[in-house]
S.K.: 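Below you will find the structure I want to go over with you.
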Amino acid sequence: MVRVITYGTFDLFHEGHYRLLQRAKALGDYLIVGVTTENYDKARGKLGVVDSVITRIENVKKTGFADEVIIEESAGQKFNDIKKYRIDIFTVGSDWTGYFDYLKDCCKVVYLERTRNISSTMLREQRQHIMRIGIIGNGRIANRFVPEARLVSGITVQGVYNPHPHSAKRFAEKWEIDGYEDVELFYDAVDAVYIASPHKTHYEYINGALEHGKHVLCEKPMVLQRRQAKEVFALAKKRELVLFEGIKTAYCPGFQKLLGIAYSGVIGSIRNVEACFTKLEQENSRELTDPVYGGSFIELGSYVMLPILKLMGADYEKVSFDTINGEKGVDLFTRVTLKYRNGLATATCGLGVKSEGRLLIAGTKGYILAEAPWWKTSYFEVHYEDTSRVDKFSEVFLGEGLRYEISDFLTRLNHGEKDDFKLTRGETVALAGIMEEFMKASRE
Ligand code: CTP
(Lines give C-alpha, C1' and ligand atoms only; values in the text may rest on other atoms or scores of the structure.)
Protein backbone atom coordinates (compact mmCIF):
# COMPACT_ATOMS: atom_id res chain seq x y z
CA MET A 1 0.00 0.00 0.00
CA VAL A 2 1.39 3.42 -1.00
CA ARG A 3 0.92 6.00 1.76
CA VAL A 4 0.77 9.69 0.78
CA ILE A 5 0.79 12.81 2.96
CA THR A 6 0.05 16.46 2.23
CA TYR A 7 -0.39 19.59 4.33
CA GLY A 8 -2.17 22.92 4.11
CA THR A 9 -4.32 25.55 5.77
CA PHE A 10 -7.27 24.96 3.40
CA ASP A 11 -8.90 28.25 4.35
CA LEU A 12 -12.08 29.17 2.41
CA PHE A 13 -11.86 25.79 0.65
CA HIS A 14 -11.58 26.27 -3.09
CA GLU A 15 -11.09 24.42 -6.34
CA GLY A 16 -7.29 24.58 -6.06
CA HIS A 17 -7.49 22.65 -2.79
CA TYR A 18 -9.95 20.12 -4.24
CA ARG A 19 -7.77 19.41 -7.27
CA LEU A 20 -4.66 19.12 -5.13
CA LEU A 21 -6.27 16.56 -2.81
CA GLN A 22 -7.69 14.62 -5.76
CA ARG A 23 -4.26 14.29 -7.37
CA ALA A 24 -2.57 13.59 -4.03
CA LYS A 25 -4.94 10.69 -3.44
CA ALA A 26 -4.29 9.38 -6.97
CA LEU A 27 -0.56 9.16 -6.18
CA GLY A 28 -1.17 6.22 -3.83
CA ASP A 29 -3.69 4.17 -1.86
CA TYR A 30 -3.95 5.97 1.46
CA LEU A 31 -3.96 9.77 1.89
CA ILE A 32 -3.22 11.62 5.12
CA VAL A 33 -3.94 15.36 5.16
CA GLY A 34 -2.35 17.65 7.75
CA VAL A 35 -4.40 20.76 8.53
CA THR A 36 -2.66 23.64 10.31
CA THR A 37 -3.86 24.98 13.67
CA GLU A 38 -4.72 28.65 14.14
CA ASN A 39 -1.73 29.18 16.42
CA TYR A 40 0.70 27.60 13.99
CA ASP A 41 -0.59 29.79 11.17
CA LYS A 42 -0.22 32.90 13.34
CA ALA A 43 3.24 31.85 14.43
CA ARG A 44 4.42 31.42 10.84
CA GLY A 45 3.02 34.81 9.93
CA LYS A 46 -0.12 33.67 8.13
CA LEU A 47 -2.53 36.15 9.63
CA GLY A 48 -6.17 36.66 8.78
CA VAL A 49 -7.20 33.02 8.23
CA VAL A 50 -11.00 33.11 8.23
CA ASP A 51 -12.24 29.55 8.85
CA SER A 52 -11.72 27.80 12.19
CA VAL A 53 -9.60 24.66 12.20
CA ILE A 54 -12.78 22.58 12.66
CA THR A 55 -14.38 24.06 9.54
CA ARG A 56 -11.18 23.58 7.55
CA ILE A 57 -10.94 19.90 8.61
CA GLU A 58 -14.60 19.34 7.74
CA ASN A 59 -14.05 20.80 4.29
CA VAL A 60 -11.08 18.52 3.67
CA LYS A 61 -13.12 15.51 4.84
CA LYS A 62 -16.07 16.41 2.63
CA THR A 63 -13.98 15.87 -0.51
CA GLY A 64 -13.83 12.15 0.32
CA PHE A 65 -10.14 12.00 -0.71
CA ALA A 66 -8.61 12.02 2.78
CA ASP A 67 -8.36 8.65 4.53
CA GLU A 68 -7.09 10.39 7.64
CA VAL A 69 -6.83 14.01 8.78
CA ILE A 70 -4.20 15.13 11.27
CA ILE A 71 -3.33 18.46 12.83
CA GLU A 72 -0.13 20.31 11.95
CA GLU A 73 0.90 22.47 14.86
CA SER A 74 4.60 23.17 14.56
CA ALA A 75 7.49 23.56 12.16
CA GLY A 76 9.55 20.40 11.90
CA GLN A 77 6.54 18.17 12.43
CA LYS A 78 6.55 16.93 8.83
CA PHE A 79 9.76 14.96 9.20
CA ASN A 80 8.43 13.13 12.26
CA ASP A 81 5.03 12.50 10.67
CA ILE A 82 6.69 10.87 7.68
CA LYS A 83 8.47 8.42 9.98
CA LYS A 84 5.50 7.91 12.28
CA TYR A 85 2.95 7.24 9.53
CA ARG A 86 5.45 5.29 7.34
CA ILE A 87 4.89 7.66 4.41
CA ASP A 88 6.04 6.80 0.90
CA ILE A 89 5.17 10.07 -0.86
CA PHE A 90 5.08 13.63 0.43
CA THR A 91 3.26 16.07 -1.85
CA VAL A 92 2.30 19.76 -1.96
CA GLY A 93 1.54 22.34 -4.62
CA SER A 94 4.18 23.75 -6.96
CA ASP A 95 4.27 27.06 -5.06
CA TRP A 96 6.53 25.12 -2.66
CA THR A 97 8.86 23.65 -5.30
CA GLY A 98 12.28 22.92 -3.83
CA TYR A 99 11.25 23.92 -0.35
CA PHE A 100 10.71 20.36 0.90
CA ASP A 101 13.59 18.68 -0.91
CA TYR A 102 15.18 17.99 2.49
CA LEU A 103 12.51 15.30 2.98
CA LYS A 104 13.82 13.34 -0.03
CA ASP A 105 16.06 11.33 2.30
CA CYS A 106 13.04 9.72 3.91
CA CYS A 107 10.41 9.54 1.15
CA LYS A 108 9.55 10.59 -2.40
CA VAL A 109 8.69 14.28 -2.75
CA VAL A 110 6.20 15.32 -5.46
CA TYR A 111 5.28 18.93 -6.27
CA LEU A 112 1.88 19.02 -7.98
CA GLU A 113 1.13 21.86 -10.33
CA ARG A 114 -0.81 24.57 -8.56
CA THR A 115 -4.24 25.46 -9.97
CA ARG A 116 -4.02 28.85 -11.59
CA ASN A 117 -5.85 32.02 -10.57
CA ILE A 118 -7.24 30.88 -7.26
CA SER A 119 -5.96 31.11 -3.68
CA SER A 120 -7.33 31.61 -0.19
CA THR A 121 -5.62 35.00 -0.06
CA MET A 122 -7.48 36.04 -3.21
CA LEU A 123 -10.81 34.87 -1.80
CA ARG A 124 -10.17 36.61 1.52
CA GLU A 125 -9.48 39.85 -0.31
CA GLN A 126 -12.59 39.52 -2.46
CA ARG A 127 -14.78 38.78 0.54
CA GLN A 128 -13.47 41.59 2.62
CA HIS A 129 -13.93 45.18 2.03
CA ILE A 130 -10.38 46.47 2.58
CA MET A 131 -10.54 48.35 5.85
CA ARG A 132 -9.05 51.83 5.64
CA ILE A 133 -7.38 52.81 8.87
CA GLY A 134 -6.24 56.32 9.75
CA ILE A 135 -3.66 57.19 12.36
CA ILE A 136 -4.15 59.95 14.91
CA GLY A 137 -0.80 61.15 16.25
CA ASN A 138 2.46 60.19 14.68
CA GLY A 139 5.07 59.53 17.33
CA ARG A 140 7.44 56.58 17.73
CA ILE A 141 4.78 53.92 17.98
CA ALA A 142 2.96 55.14 14.85
CA ASN A 143 6.19 54.60 12.91
CA ARG A 144 6.15 50.98 14.01
CA PHE A 145 2.46 50.60 13.31
CA VAL A 146 2.57 51.36 9.57
CA PRO A 147 4.97 48.58 8.49
CA GLU A 148 3.24 46.10 10.79
CA ALA A 149 -0.23 46.98 9.44
CA ARG A 150 1.09 46.44 5.92
CA LEU A 151 1.69 42.80 6.78
CA VAL A 152 -1.96 42.18 7.65
CA SER A 153 -4.16 41.47 4.65
CA GLY A 154 -7.49 43.27 4.51
CA ILE A 155 -6.33 46.55 5.99
CA THR A 156 -4.70 49.59 4.44
CA VAL A 157 -3.18 52.60 6.18
CA GLN A 158 -5.02 55.47 4.54
CA GLY A 159 -3.68 58.57 6.21
CA VAL A 160 -2.56 60.41 9.29
CA TYR A 161 -4.07 63.28 11.26
CA ASN A 162 -2.15 65.57 13.54
CA PRO A 163 -3.25 69.05 14.65
CA HIS A 164 0.35 70.11 13.88
CA PRO A 165 0.25 70.00 10.06
CA HIS A 166 4.04 69.96 9.53
CA SER A 167 4.45 66.90 11.61
CA ALA A 168 1.60 65.05 9.82
CA LYS A 169 3.03 66.06 6.46
CA ARG A 170 6.49 64.69 7.24
CA PHE A 171 5.02 61.40 8.47
CA ALA A 172 2.68 61.14 5.46
CA GLU A 173 5.57 61.67 3.05
CA LYS A 174 7.76 59.15 4.80
CA TRP A 175 5.13 56.40 4.61
CA GLU A 176 3.49 57.52 1.36
CA ILE A 177 0.05 57.97 2.88
CA ASP A 178 -2.28 61.01 3.01
CA GLY A 179 -1.71 63.71 5.62
CA TYR A 180 -4.69 65.59 7.07
CA GLU A 181 -4.90 68.77 9.10
CA ASP A 182 -8.69 68.91 8.87
CA VAL A 183 -10.12 66.28 11.16
CA GLU A 184 -13.46 66.10 9.28
CA LEU A 185 -11.74 65.30 5.99
CA PHE A 186 -9.67 62.71 7.83
CA TYR A 187 -12.75 60.96 9.24
CA ASP A 188 -14.42 61.02 5.82
CA ALA A 189 -11.50 59.06 4.37
CA VAL A 190 -11.29 56.18 6.89
CA ASP A 191 -13.31 53.28 8.34
CA ALA A 192 -11.31 52.92 11.54
CA VAL A 193 -8.70 54.85 13.49
CA TYR A 194 -5.57 53.95 15.40
CA ILE A 195 -5.02 56.43 18.21
CA ALA A 196 -1.36 56.92 19.00
CA SER A 197 -1.51 60.49 20.28
CA PRO A 198 -0.34 61.60 23.78
CA HIS A 199 -2.18 59.77 26.59
CA LYS A 200 -4.10 62.82 27.76
CA THR A 201 -5.82 63.16 24.37
CA HIS A 202 -7.03 59.55 24.04
CA TYR A 203 -10.42 60.04 25.70
CA GLU A 204 -11.32 62.99 23.50
CA TYR A 205 -10.18 61.31 20.29
CA ILE A 206 -11.99 58.05 21.11
CA ASN A 207 -15.21 59.99 21.60
CA GLY A 208 -14.65 61.97 18.42
CA ALA A 209 -13.95 58.88 16.34
CA LEU A 210 -16.94 56.95 17.72
CA GLU A 211 -19.21 59.96 17.16
CA HIS A 212 -18.03 59.94 13.54
CA GLY A 213 -18.98 56.25 13.25
CA LYS A 214 -15.38 54.95 13.18
CA HIS A 215 -14.02 51.82 14.85
CA VAL A 216 -11.16 52.49 17.24
CA LEU A 217 -7.89 50.77 18.11
CA CYS A 218 -6.33 52.87 20.86
CA GLU A 219 -2.80 52.65 22.25
CA LYS A 220 -2.41 51.77 25.91
CA PRO A 221 -3.31 53.10 28.40
CA MET A 222 -6.59 53.63 26.60
CA VAL A 223 -7.90 56.06 29.21
CA LEU A 224 -6.86 56.98 32.73
CA GLN A 225 -10.19 56.83 34.57
CA ARG A 226 -12.55 53.94 35.18
CA ARG A 227 -15.59 56.11 34.45
CA GLN A 228 -14.13 57.21 31.11
CA ALA A 229 -13.43 53.61 30.09
CA LYS A 230 -17.00 52.56 30.86
CA GLU A 231 -18.36 55.59 29.05
CA VAL A 232 -16.45 55.00 25.81
CA PHE A 233 -17.32 51.28 25.77
CA ALA A 234 -20.99 52.18 26.26
CA LEU A 235 -20.80 54.65 23.39
CA ALA A 236 -19.08 52.07 21.15
CA LYS A 237 -21.80 49.54 21.98
CA LYS A 238 -24.57 52.03 21.27
CA ARG A 239 -23.00 52.88 17.94
CA GLU A 240 -22.23 49.21 17.16
CA LEU A 241 -18.56 49.97 16.74
CA VAL A 242 -15.46 48.12 17.84
CA LEU A 243 -13.27 49.71 20.49
CA PHE A 244 -10.06 47.92 21.27
CA GLU A 245 -7.13 48.70 23.59
CA GLY A 246 -3.80 47.97 21.97
CA ILE A 247 -1.54 46.15 24.41
CA LYS A 248 0.53 44.09 22.02
CA THR A 249 1.47 41.45 24.60
CA ALA A 250 -2.17 40.45 25.06
CA TYR A 251 -2.49 39.36 21.43
CA CYS A 252 0.85 37.68 20.74
CA PRO A 253 0.88 33.87 20.37
CA GLY A 254 3.59 33.30 23.01
CA PHE A 255 1.67 35.12 25.73
CA GLN A 256 -1.49 33.23 24.75
CA LYS A 257 0.46 29.99 25.14
CA LEU A 258 1.81 31.07 28.53
CA LEU A 259 -1.68 31.90 29.79
CA GLY A 260 -2.94 28.56 28.47
CA ILE A 261 -0.27 26.71 30.46
CA ALA A 262 -0.96 28.80 33.57
CA TYR A 263 -4.71 28.14 33.33
CA SER A 264 -4.18 24.43 32.65
CA GLY A 265 -3.43 23.67 36.27
CA VAL A 266 0.12 22.29 35.77
CA ILE A 267 1.43 24.74 38.37
CA GLY A 268 -1.64 24.22 40.58
CA SER A 269 -3.63 27.20 41.84
CA ILE A 270 -1.98 30.52 41.12
CA ARG A 271 -1.03 32.39 44.28
CA ASN A 272 1.48 35.02 43.20
CA VAL A 273 2.28 36.99 40.05
CA GLU A 274 5.31 39.26 39.81
CA ALA A 275 5.84 41.27 36.66
CA CYS A 276 8.65 43.73 36.01
CA PHE A 277 9.48 45.90 32.98
CA THR A 278 12.06 48.69 32.97
CA LYS A 279 13.30 50.80 30.11
CA LEU A 280 15.78 53.63 30.65
CA GLU A 281 14.69 56.91 29.08
CA GLN A 282 16.59 60.13 28.39
CA GLU A 283 16.22 62.65 31.21
CA ASN A 284 14.68 65.25 28.91
CA SER A 285 12.24 62.83 27.26
CA ARG A 286 8.50 63.46 27.37
CA GLU A 287 8.13 60.34 29.49
CA LEU A 288 10.32 61.80 32.22
CA THR A 289 9.27 65.44 32.05
CA ASP A 290 5.48 65.54 31.66
CA PRO A 291 4.38 66.11 35.29
CA VAL A 292 0.84 64.74 34.83
CA TYR A 293 1.05 62.10 32.09
CA GLY A 294 4.72 61.13 32.22
CA GLY A 295 6.38 58.58 34.47
CA SER A 296 7.00 54.87 34.48
CA PHE A 297 3.62 53.59 35.60
CA ILE A 298 1.56 55.39 32.98
CA GLU A 299 4.12 54.44 30.34
CA LEU A 300 4.69 50.78 31.24
CA GLY A 301 2.00 49.93 33.80
CA SER A 302 -0.34 48.39 31.21
CA TYR A 303 2.26 45.70 30.41
CA VAL A 304 3.01 44.74 33.99
CA MET A 305 -0.63 44.81 35.08
CA LEU A 306 -1.75 42.66 32.15
CA PRO A 307 -0.61 39.21 33.41
CA ILE A 308 -1.85 40.11 36.90
CA LEU A 309 -5.34 40.98 35.71
CA LYS A 310 -5.44 37.97 33.37
CA LEU A 311 -4.38 35.50 36.04
CA MET A 312 -5.58 36.96 39.33
CA GLY A 313 -8.56 38.99 38.11
CA ALA A 314 -9.68 42.48 39.01
CA ASP A 315 -11.25 41.73 42.41
CA TYR A 316 -8.27 42.66 44.53
CA GLU A 317 -8.86 43.54 48.17
CA LYS A 318 -6.12 46.12 48.46
CA VAL A 319 -3.79 48.00 46.16
CA SER A 320 -0.84 50.16 47.17
CA PHE A 321 1.76 52.10 45.21
CA ASP A 322 5.35 52.86 46.15
CA THR A 323 7.29 55.17 43.90
CA ILE A 324 10.65 56.84 43.55
CA ASN A 325 10.18 60.25 41.98
CA GLY A 326 12.73 62.17 39.95
CA GLU A 327 13.54 65.88 40.32
CA LYS A 328 10.68 66.83 38.02
CA GLY A 329 8.21 65.03 40.28
CA VAL A 330 7.67 62.23 37.75
CA ASP A 331 7.90 58.60 38.91
CA LEU A 332 11.16 56.97 37.85
CA PHE A 333 10.31 53.65 39.42
CA THR A 334 7.01 52.30 40.74
CA ARG A 335 5.98 49.17 42.54
CA VAL A 336 2.31 48.26 42.78
CA THR A 337 1.33 45.69 45.37
CA LEU A 338 -2.03 43.96 45.17
CA LYS A 339 -3.57 41.72 47.77
CA TYR A 340 -6.20 39.19 46.72
CA ARG A 341 -8.28 36.89 48.90
CA ASN A 342 -6.11 33.98 47.79
CA GLY A 343 -2.93 35.52 46.54
CA LEU A 344 -0.55 38.39 46.01
CA ALA A 345 0.79 40.29 43.04
CA THR A 346 3.42 42.91 42.36
CA ALA A 347 3.88 45.00 39.26
CA THR A 348 7.17 46.87 38.95
CA CYS A 349 8.20 49.31 36.27
CA GLY A 350 10.93 51.87 35.78
CA LEU A 351 12.11 54.49 33.33
CA GLY A 352 14.93 55.79 35.51
CA VAL A 353 15.96 52.59 37.33
CA LYS A 354 17.09 49.43 35.55
CA SER A 355 16.05 46.09 36.92
CA GLU A 356 15.70 42.52 35.74
CA GLY A 357 12.49 42.46 33.70
CA ARG A 358 10.82 39.15 34.28
CA LEU A 359 7.47 37.56 34.80
CA LEU A 360 7.06 35.00 37.56
CA ILE A 361 3.83 33.12 38.16
CA ALA A 362 3.84 31.01 41.31
CA GLY A 363 1.34 28.26 41.99
CA THR A 364 0.72 25.52 44.52
CA LYS A 365 2.55 22.93 42.38
CA GLY A 366 5.21 24.93 40.52
CA TYR A 367 6.02 28.21 38.84
CA ILE A 368 6.29 29.73 35.37
CA LEU A 369 9.25 31.94 34.59
CA ALA A 370 9.55 34.21 31.55
CA GLU A 371 12.64 36.37 31.25
CA ALA A 372 12.81 39.80 29.59
CA PRO A 373 11.45 40.66 27.14
CA TRP A 374 8.51 38.57 28.38
CA TRP A 375 6.19 41.32 27.04
CA LYS A 376 7.20 40.03 23.59
CA THR A 377 6.74 36.47 24.81
CA SER A 378 8.79 33.97 22.86
CA TYR A 379 10.15 31.66 25.57
CA PHE A 380 9.21 30.54 29.09
CA GLU A 381 9.86 27.70 31.49
CA VAL A 382 7.80 25.75 33.99
CA HIS A 383 9.62 24.67 37.17
CA TYR A 384 8.55 22.27 39.89
CA GLU A 385 9.57 21.16 43.38
CA ASP A 386 11.68 18.51 41.65
CA THR A 387 14.39 20.77 40.26
CA SER A 388 15.49 18.22 37.69
CA ARG A 389 12.24 18.68 35.80
CA VAL A 390 11.93 21.87 33.71
CA ASP A 391 9.39 22.17 30.88
CA LYS A 392 10.45 24.62 28.17
CA PHE A 393 8.12 26.39 25.75
CA SER A 394 8.84 28.66 22.86
CA GLU A 395 6.76 30.53 20.32
CA VAL A 396 7.47 32.90 17.48
CA PHE A 397 7.17 36.65 18.01
CA LEU A 398 7.46 38.38 14.67
CA GLY A 399 8.77 41.92 14.16
CA GLU A 400 7.40 44.51 16.54
CA GLY A 401 4.45 42.25 17.32
CA LEU A 402 1.80 44.86 16.51
CA ARG A 403 0.62 42.70 13.61
CA TYR A 404 -1.14 40.36 16.06
CA GLU A 405 -3.32 43.04 17.64
CA ILE A 406 -4.02 44.60 14.24
CA SER A 407 -5.07 41.22 12.86
CA ASP A 408 -7.35 40.56 15.87
CA PHE A 409 -8.82 44.06 15.54
CA LEU A 410 -9.61 43.33 11.91
CA THR A 411 -11.14 39.96 12.76
CA ARG A 412 -13.42 41.72 15.25
CA LEU A 413 -14.42 44.27 12.61
CA ASN A 414 -15.22 41.58 10.07
CA HIS A 415 -16.64 38.81 12.23
CA GLY A 416 -18.00 40.37 15.41
CA GLU A 417 -17.36 39.49 19.01
CA LYS A 418 -15.54 36.20 19.01
CA ASP A 419 -12.03 37.33 19.95
CA ASP A 420 -12.89 39.33 23.06
CA PHE A 421 -11.14 36.95 25.44
CA LYS A 422 -7.60 38.14 24.74
CA LEU A 423 -8.19 41.51 26.39
CA THR A 424 -11.70 41.93 27.69
CA ARG A 425 -13.54 45.18 28.20
CA GLY A 426 -13.60 44.39 31.93
CA GLU A 427 -9.80 44.16 31.94
CA THR A 428 -9.44 47.47 30.10
CA VAL A 429 -11.83 49.10 32.59
CA ALA A 430 -9.84 47.62 35.50
CA LEU A 431 -6.59 48.92 33.99
CA ALA A 432 -8.03 52.40 33.68
CA GLY A 433 -9.17 52.11 37.31
CA ILE A 434 -5.66 51.23 38.49
CA MET A 435 -4.17 54.11 36.50
CA GLU A 436 -6.69 56.40 38.15
CA GLU A 437 -5.86 55.16 41.65
CA PHE A 438 -2.17 55.54 40.91
CA MET A 439 -2.61 59.13 39.75
CA LYS A 440 -4.69 59.92 42.83
CA ALA A 441 -2.13 58.31 45.15
CA SER A 442 0.78 60.14 43.53
CA ARG A 443 -0.93 63.50 44.06
CA GLU A 444 -1.44 62.93 47.78
N1 CTP B 1 -2.93 24.80 -3.81
C2 CTP B 1 -3.04 24.50 -5.18
N3 CTP B 1 -3.59 25.42 -6.02
C4 CTP B 1 -4.06 26.60 -5.57
C5 CTP B 1 -3.98 26.91 -4.19
C6 CTP B 1 -3.40 25.98 -3.33
O7 CTP B 1 -2.62 23.44 -5.62
N8 CTP B 1 -4.57 27.46 -6.41
C9 CTP B 1 -2.31 23.83 -2.91
C10 CTP B 1 -1.08 24.38 -2.19
O11 CTP B 1 0.05 24.34 -3.00
C12 CTP B 1 -0.99 23.45 -0.99
C13 CTP B 1 -2.47 23.14 -0.67
O14 CTP B 1 -3.21 23.49 -1.86
O15 CTP B 1 -0.34 22.26 -1.34
C16 CTP B 1 -2.96 23.93 0.51
O17 CTP B 1 -2.64 25.27 0.29
P18 CTP B 1 -3.04 26.53 1.18
O19 CTP B 1 -1.80 27.26 1.56
O20 CTP B 1 -3.96 26.11 2.25
O21 CTP B 1 -3.88 27.35 0.08
P22 CTP B 1 -3.64 28.77 -0.60
O23 CTP B 1 -4.84 29.07 -1.42
O24 CTP B 1 -2.31 28.77 -1.31
O25 CTP B 1 -3.62 29.71 0.68
P26 CTP B 1 -3.02 31.17 0.93
O27 CTP B 1 -3.53 32.06 -0.16
O28 CTP B 1 -3.52 31.54 2.31
O29 CTP B 1 -1.51 31.02 0.90
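Counting starts at 1 for both ligands and their atoms, following the listed order.
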S.K.: Examine Val92 against ligand 1 and note whether any of their N/O atoms are separated by less than 3.5 Å.
M.R.: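 Looking only at distances, the answer is no, because the N/O contact criterion of under 3.5 Å is not met.
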S.K.: Going by the atom numbers of ligand 1, which of them fall below 4.0 Å from some non-hydrogen atom of Ile118?
M.R.: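 Near Ile118, meaning under 4.0 Å from one of its heavy atoms, ligand 1 has 4 (C), 5 (C), 8 (N).
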S.K.: Among protein heavy atoms, which sits nearest to atom 18 (P) of ligand 1, and what does the distance come to when rounded to 0.1 Å?
M.R.: His17 NE2, 3.7 Å
S.K.: Under a 4.0 angstrom heavy-atom cut-off, which atoms of ligand 1 come close to Asp95?
M.R.: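 Answer, ordered by atom number: 10 (C), 11 (O).
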S.K.: Check the orientation of Trp96 and Tyr99. Use parallel for under 30°, tilted for 30 to 60°, and perpendicular for over 60°.
M.R.: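 Perpendicular: the ring planes of Trp96 and Tyr99 meet at over 60°.
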S.K.: Taking only heavy atoms of Lys46, which atoms of ligand 1 are found under 4.0 Å from at least one of them?
M.R.: 19 (O), 25 (O), 26 (P), 28 (O), 29 (O)
S.K.: Walk me through whether Glu381 and His383 qualify under side-chain hydrogen bond (donor to acceptor under 3.5 Å, both in side chains).
M.R.: CA-CA 6 Å; Glu381 294 179 352; His383 295 252; 2.8 Å; yes
S.K.: So, are Arg389 and Asp391 salt-bridged, with charged N and O less than 4.0 Å apart?
M.R.: yes
S.K.: Pairs of nitrogen or oxygen atoms closer than 3.5 Å, one from Asp11 and one from ligand 1: do any exist?
M.R.: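 Such a contact does not occur with ligand 1.
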S.K.: Would you mind running through ligand 1 and noting each atom that sits below 4.0 Å from a heavy atom of Ser119?
M.R.: 23 (O), 27 (O)
S.K.: Only heavy atoms of Thr9, strictly under 4.0 Å: list the atoms of ligand 1 that pass.
M.R.: 20 (O)
S.K.: Would Arg56 and Phe10 count as a cation-pi pair here, with the cationic atom under 6.0 angstrom from the ring centre and within 45° of the axis?
M.R.: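 Cation-pi check for Arg56 and Phe10: fails.
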S.K.: For atom 27 (O) of ligand 1, what's the nearest protein heavy atom and its distance?
M.R.: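 Nearest protein contact, heavy atoms only, for atom 27 (O) of ligand 1 is Thr121 OG1, 2.4 Å.
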S.K.: With the threshold set at under 4.0 angstrom, would you say Met122 reaches ligand 1 through any of its heavy atoms?
M.R.: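 Distance cut 4.0 Å: Met122 fails for ligand 1.
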S.K.: Only heavy atoms of Arg124, strictly under 4.0 Å: list the atoms of ligand 1 that pass.
M.R.: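 So the answer, numbered in order with elements, is 28 (O).
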S.K.: Regarding Lys104 and Asp101, does a basic nitrogen lie under 4.0 Å from an acidic carboxylate oxygen?
M.R.: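 Yes.
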S.K.: Would you call Arg286-Glu299 a salt bridge at under 4.0 Å N-O?
M.R.: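 Yes, Arg286 and Glu299 are salt-bridged.
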S.K.: So which protein heavy atom does atom 20 (O) of ligand 1 come closest to, and at what separation?
M.R.: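 For atom 20 (O) of ligand 1, the nearest protein heavy atom is Phe10 N, 2.8 Å.
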S.K.: Between Lys46 and Asp11, is there a salt bridge with N-O shorter than 4.0 Å?
M.R.: no
S.K.: Using 30° and 60° as the class limits, which term best fits the ring planes of Phe277 and Tyr303: parallel, tilted or perpendicular?
M.R.: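 The rings of Phe277 and Tyr303 sit tilted, inter-plane angle from 30° to 60°.
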S.K.: With a 4.0 Å cut-off on N to O distance, would you call Lys169 and Glu173 a salt bridge?
M.R.: yes
S.K.: Would you check the N or O atoms of Thr115, main chain and side chain alike, for any that come under 3.5 Å of an N or O of ligand 1?
M.R.: yes
S.K.: Does the cation-pi check pass for Lys78 over Phe90, that is, NZ or CZ under 6.0 Å from the six-membered ring centre and within 45° of its axis?
M.R.: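 No, Lys78 does not lie over the aromatic ring of Phe90.
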S.K.: Once you restrict to heavy atoms under 4.0 Å, what part of Leu20 touches ligand 1? Side chain, backbone, both or neither.
M.R.: side chain
S.K.: Nearest non-hydrogen contact with atom 12 (C) of ligand 1 belongs to which option: Ala24, Ser153, Gly93?
M.R.: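 Looking at heavy atoms only, Gly93 sits closest to atom 12 (C) of ligand 1.
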S.K.: Taking NZ, NE, NH1 and NH2 as the nitrogens, is one of them in Arg3 or Asp88 under 4.0 Å from a carboxylate oxygen of the other?
M.R.: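 No, Arg3 and Asp88 are not salt-bridged.
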S.K.: Should His14 be listed as contacting ligand 1, given a heavy-atom distance under 4.0 Å as the test?
M.R.: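 It does, in that a heavy atom of His14 comes within the 4.0 Å cut-off of ligand 1.
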S.K.: Could an N or O of ligand 1 be found under 3.5 Å from any N or O of Arg114, whether backbone or side chain?
M.R.: yes
S.K.: What atoms in ligand 1 come closer than 4.0 Å to a heavy atom of Ser120?
M.R.: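 Heavy-atom distances to Ser120 below 4.0 Å select 21 (O), 22 (P), 23 (O), 25 (O), 26 (P), 27 (O), 28 (O).
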S.K.: For ligand 1, which is the ligand I care about here, please tell me if Glu113 has any N or O atom under 3.5 Å from one of the ligand's N or O atoms.
M.R.: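 In fact, backbone or side chain, Glu113 has no N or O that close.
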S.K.: Any Lys/Arg nitrogen of Arg144 or Glu400 sitting under 4.0 Å from an Asp/Glu carboxylate oxygen of the other?
M.R.: yes
